[in-house]
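Numbers for residues simply follow the sequence, beginning at 1. Below, each value reflects all heavy atoms present in this structure, side chains not excepted, and no hydrogens, waters or symmetry copies.
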Amino acid sequence: MPTPVPDELRPSSRLLLGPGPSMVHPRVLRAMSTPLLGHLDPEFLAIMDELQAMERAVFQTGNRFTIALAGTGSAGMEASLVNVVEPGDTVVVGVNGVFGGRLADISGRCGGRVVRLETPWGEVLPLERIEKALKKEKVKAVAVVHAETSTGAQQPLEGLGDLCHEHGALLIVDAVTSLGGVPVEVDRHGIDICYSGTQKCLSCPPGLAPITLSPRALEVASARTGKVQSWYLDLSMIADYWTEGKRVYHHTAPISMVYALREALRLVLEEGLAARFERHRRHSAALMAGLLELGCTPKAAEGHRLPSLNCVVTPKGVEEAPVRRALLMESNIEIGGGLGPLSGTVWRIGLMGESARQENVLAVLGALEQALARAGRNVKPGAALSAAAASYR
Ligand SMILES: Cc1ncc(COP(=O)(O)O)c(C=O)c1O
């Protein structure tokens with residue numbers, strides 16, 4: 001029996017307002033469909049140089065080692081840890097959501113002694129707790145999640161780099177849900193290793209992990225006594241491909257993804273970082289004003305609330321999954337549910353990159369209002385949209 005050949009692909013045009021991926025600009029999709037070059041073609045190498053320069057601008061760093069790893073955000077997370085953590089090293093990890101938990105998990109898999117600084121989900125880690133941990137013993141690295149996608153909390157980074165360096169530790173920061181949506185100031189905050197993913201505020205399909213390492217981090221990585229346990233993510237070998245004048249083959253670069261990220265970064269820089277951050281803030285404020293009218297409450301405290309990922313506790317008495325399913329099936333809008341202990345209790349609405357637009361805020365509020373009304377909830381018609389509109393004025 002011959003294998004039946006499915007029809008040509010025709011995915012639905014969803015409005016992606018979940019925790020990622022986000023909407024992608026047509027220019028990015030167009031870039032992906034341009035002709036492939038070889039991964040050692042001088043024309044492609046020049047494209048890589050351009051991409052690196054733009055990544056430095058978005059990470060706000062002068063770090064020479066600023067590249068895009070093949071793989072999603074998790075590849076960035078894993079590379080950040082496997083290259084510096086050796087068996088017996090102490091790693092202090094802020095755990096206030098799913099992704100802090102993963103940082104701790106990977107650190108342990110590297111043979112590190114993990115000090116988990118647990119904080120209730122939705123809260124951020126006070127600097128004093130990190131200081132206390134650093135004073136207690138010799139720490140190799142401190143790892144925190146800047147934008148905790150599972151809770152919508154934004155970790156303050158002010159003073160953290162200096163604190164880590166005073167104690168001889170590296171600072172590793174997960175900027176997967178912040179890069180391109182809220183300021184990520186690698187040099188000003190003294191971040192030694194910072195990584196992200198393409199599919200969030202950079203509005204590019206998933207597939208690359210932008211990552212930058214300070215000279216201090218490179219020194220620590222090169223002073224390792226043992227080999228990096230991951231061959232694929234060994235940055236010392238990958239560096240030889242990204243370094244001008246070397247260009248040694250390690251693995252075949254995902255050419256079309258590099259094109260896509262180059263175009264996505266062009267869009268970010270054309271808009272300007274300050275304008276982009278303000279756009280995320282403004283639309284998040286309007287969305288939150290509308291969500292409050294629908295009976296939702298923000299999971300993170302004001303002042304630590306992430307504009308790119310709006311995590312709200314669902315209205316009392318409402319079963320959240322059917323409402324979310326109705327949004328997808330009837331309005332073509334994707335939003336996220338809760339992870340782990342927040343499962344069934346929150347919605348996570350991403351306003352990242354191209355998704356952070358007024359029409360999208362109004363569309364999701366309108367669709368939620370309808371779905372809640374149909375679920376039997378007493379909602380005042382138009383109140384959420386009016387509150388959002390007022391926030392825009
Ligand atoms: C904060 C954070 N870190 C890491 C990751 C992992 O990224 P990916 O799913 O692209 O591998 C995610 C994904 O949502 C994330 O939100």
Side-chain angles (χ1 to χ4, degrees), residues 4-36 72-73 149 176-177 179-181 196-208 254-268 270-271 276 279-280 282-284 286-287 290-291 294 307-312 320-337 347-375 384-385 388-389 392:
V5 179
D7 291 342
E8 194 177 344
L9 197 62
R10 279 170 186 269
S12 298
S13 269
R14 305 277 200 223
L15 177 53
L16 298 173
L17 301 181
S22 59
M23 298 303 283
V24 173
H25 196 285
R27 268 172 50 186
V28 173
L29 295 176
R30 227 162 33 234
M32 293 182 85
S33 63
T34 54
L36 283 193
T72 60
T149 323
V176 169
T177 297
L179 191 71
S196 189
T198 41
Q199 80 276 23
K200 308 265 185 176
C201 301
L202 297 176
S203 264
C204 185
L208 289 177
I255 310 292
S256 306
M257 276 310 302
V258 171
Y259 293 172
L261 179 56
R262 178 184 180 278
E263 195 57 32
L265 291 169
R266 262 165 43 79
L267 284 159
V268 172
E270 280 172 13
E271 180 174 10
R276 195 172 175 92
R279 174 162 65 81
H280 281 78
R282 193 156 47 89
H283 294 305
S284 172
L287 174 69
L291 289 171
L294 294 174
S308 48
L309 193 286
N310 301 273
C311 181
V312 287
E320 73 81 19
V323 172
R324 205 158 28 90
R325 203 167 319 115
L327 248 61
L328 187 68
M329 294 308 164
E330 288 156 30
S331 308
N332 251 331
I333 300 176
E334 177 178 282
I335 65 170
W347 287 321
R348 294 182 303 144
I349 304 180
L351 291 178
M352 307 178 189
E354 286 305 307
S355 297
R357 303 276 172 210
Q358 182 166 348
E359 60 271 27
N360 299 342
V361 169
L362 301 180
V364 72
L365 287 173
L368 269 175
E369 182 190 299
Q370 279 182 18
L372 284 169
R374 253 181 279 134
L385 291 173
Y392 282 123

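A donor-acceptor pair is defined here as one N or O able to donate and one able to accept, closer than 3.5 Å; such a pair exists between the side chain of Asn310 and the backbone of Pro307. Between the side chain of Ser308 and the main chain of Thr177, a donor-acceptor pair closer than 3.5 Å is present. Judged purely by atom type and a 3.5 angstrom limit, Arg276 uses its side chain to pair as donor or acceptor with the backbone of Gly180. In this structure, the side chain of Tyr259 engages the main chain of Pro35 through a donor-acceptor pair within 3.5 Å. Using a distance-only test at 3.5 Å, with no hydrogens or angles considered, a donor-acceptor pair links the side chain of Arg348 to the main chain of Gly337. Between the Ser203 side chain and the Val24 main chain, no donor and acceptor come within less than 3.5 Å of each other. Remark: the backbone N or O of Met23 is paired with a side-chain donor or acceptor of Ser355 at under 3.5 angstrom. The closest donor-acceptor contact from the side chain of Lys200 to the backbone of Met352 lies at 3.5 Å or more, if one exists at all.
For the residue pair Leu16 and Ser22, the shortest heavy atom distance occurs at CD1-O, 3.8 Å. Heavy atoms only, all atoms of each residue included: Leu202 and Ala264 are closest at O-CB, 3.4 Å. When all heavy atoms are compared, the tightest approach of Gly366 to Leu385 is N-CD2, 4.0 Å. Leu179 and Cys201 get closest at one heavy-atom pair: O-CB, 3.2 Å. The minimum heavy-atom distance linking Pro205 with Thr198 is given by the pair O-OG1, 2.8 Å. Of all non-hydrogen atoms in Leu365 and Ala286, the two that sit nearest each other are CD1-O, 4.3 Å.
For Arg357, the side chain to side chain contact (heavy atoms under 4.5 Å, CB included) test picks out Arg279, Glu354, Glu359, Asn360, with sequence neighbours left out. The side-chain hydrogen bond (donor to acceptor under 3.5 Å, both in side chains) check on Arg282 picks up nothing, with sequence neighbours excluded.
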**Request:** Could you walk me through whether Asn332 and Ser13 pass side chain to side chain contact (heavy atoms under 4.5 Å, CB included), step by step?
**Result:** CA-CA 7 Å; Asn332 251 331; Ser13 269; 5.7 Å; no

**Asked** Between Cys204 and Met257, is a side chain to side chain contact (heavy atoms under 4.5 Å, CB included) present by the stated rule, with each step listed?
**Response** CA-CA 9 Å; Cys204 185; Met257 276 310 302; 4.1 Å; yes

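Taken to the nearest 0.5 Å, the CG atom of Leu309 stands 11.0 Å off from the NE2 atom of His280. A distance of 11.0 Å separates OG of Ser331 from CG of Leu17, quoted to the nearest 0.5 Å. How far CG of Leu261 is from CE of Met32: 10.5 Å, rounded to the nearest 0.5 Å. One distance of note links CG of Leu287 with CG of Leu351; it measures 5.0 Å at 0.5 Å rounding.
With a 4.5 Å cut-off on side-chain heavy atoms, Leu291 and Ile349 count as touching. When side chains are defined from C-beta on, Leu328 does not count as touching Ile333, because their heavy atoms never get closer than 4.5 Å.
In summary, Glu263 and Arg27 engage in a salt bridge, as defined by a charged side-chain N under 4.0 Å from a carboxylate O. A salt bridge is defined here as a Lys NZ or Arg NE, NH1 or NH2 lying under 4.0 Å from an Asp or Glu carboxylate O, and Glu271 with Arg266 fails to meet this definition. Looking at Glu369 and Arg374, no side-chain N of the basic residue comes within less than 4.0 Å of a carboxylate O on the acidic one, giving no salt bridge.
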